[in-house]
Amino acid sequence: MEQKKIRNAEGVFVAEGPKVVGDLLVAFRPVLIIATSEWFARNGRLDCECVVVTDEELRRTSLLQHPQEVIAVFEKPSEALVPIEEGQLVLALDGVQDPGNLGTIIRIADWFGFTDIYCSKSTADGFSPKVVQAAMGSTARVRLHYTDLNALLAGLPEGFPVYGTLLDGRSIYTEPLEHQGVIIMGNEGNGISAEVRRHVNHPLLIPNYPLGRPTADSLNVAVATAITCAEFRRRL
């Protein structure tokens with residue numbers, strides 16, 4: 001299940017650990033549960049194939065360095081694209097490639113009440129094991145939509161707010177922020193692509209302090225996402 005082509009062909013993804021698996025059981029149908037007798041004693045046998053293993057057998061099966069009690073294979077959700085509706089505030093990711101960053105962003109979105117993330121096709125697979133583990137169960141509550149971001153943004157109503165975090169943007173702490181719109185976060189090294197950037201009508205900057213002081217070139221994209229989401233929720 002480490003390879004995307006296998007996950008897509010089988011229509012499944014894998015998750016590990018009591019916390020992550022427990023959260024995902026609420027939202028996705030399990031196909032296979034591999035767990036220790038202690039885990040089954042607490043949770044019972046589920047309506048899927050169940051395999052009881054020892055700690056050593058679990059260690060040999062797991063993709064993690066330190067496996068914990070249970071590995072589960074789930075059905076992937078439908079890939080039908082959900083349109084962006086008026087009054088909705090959503091995240092969009094343009095080429096975020098690090099699985100740890102993507103998983104953390106999913107968790108951040110969950111914390112701040114963003115239920116939908118629209119991902120460019122160059123964004124990392126949200127159902128890879130590393131992303132699922134980094135999201136810590138938030139995949140159960142945040143929907144991922146993979147699409148052509150340029151086409152999606154071009155199809156929005158005229159004047160619909162499209163925010164983008166850019167080094168030449170205006171301070172997020174002084175700019176007006178609306179209750180609806182698309183917030184775009186860019187690639188770790190290159191930021192928002194040129195074709196997507198042309199749709200941004202509200203360029204935002206997270207300023208460093210104090211202004212003019214030599215500092216890092218940019219913030220980690222997951223950290224920038226957390227700051228941006230927090231500022232929107234603080235004001236709306």
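All values below were derived from every heavy atom in this structure, side-chain atoms included, with hydrogens, water molecules and symmetry-related copies excluded. Just so you know, these numbers come straight off a predicted model, no measurement behind them.
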Would you list the pairs meeting ring-ring contact (aromatic ring centres under 6.0 Å, His included) in which at least one residue belongs to residues 48-67, sequence neighbours left out? none
The ring-ring contact (aromatic ring centres under 6.0 Å, His included) partners of His199 (sequence neighbours excluded) come to none
Applying ring-ring contact (aromatic ring centres under 6.0 Å, His included) to Phe112 and not counting sequence neighbours gives none
Show me, pair by pair, the donor-acceptor contacts under 3.5 angstrom made by side chains of residues 159-166, not counting sequence neighbours?
residue	atom	partner	partner atom	Å
Tyr163	OH	Glu178	N	2.8

By the ring-ring contact (aromatic ring centres under 6.0 Å, His included) test, which pairs, at least two apart or in different chains, include something from residues 169-189? none
With sequence neighbours left out, write down each residue that passes salt bridge (charged side-chain N to carboxylate O under 4.0 Å, His left out) with Arg59, or none if nothing qualifies. Glu56
Residue set satisfying side-chain hydrogen bond (donor to acceptor under 3.5 Å, both in side chains) with Glu69, at least two apart, ordered chain then number -> Arg42
Kindly say whether Ser122 contributes a backbone atom to a donor-acceptor pair with the side chain of Tyr146 at under 3.5 angstrom? no
Enumerate the residue pairs fulfilling ring-ring contact (aromatic ring centres under 6.0 Å, His included) with a member in residues 74-105, sequence neighbours excluded, ordered by first and then second residue. Phe13-Phe74
Under the salt bridge (charged side-chain N to carboxylate O under 4.0 Å, His left out) rule, collect the residues that match up with Arg213, sequence neighbours excluded. none
By side-chain hydrogen bond (donor to acceptor under 3.5 Å, both in side chains), Thr139 pairs with (sequence neighbours left out) none
Sorted by chain and number, sequence neighbours left out, salt bridge (charged side-chain N to carboxylate O under 4.0 Å, His left out) with Arg143 holds for Asp116
Sequence neighbours excluded, the answer for salt bridge (charged side-chain N to carboxylate O under 4.0 Å, His left out) partners of Arg170 is Glu175
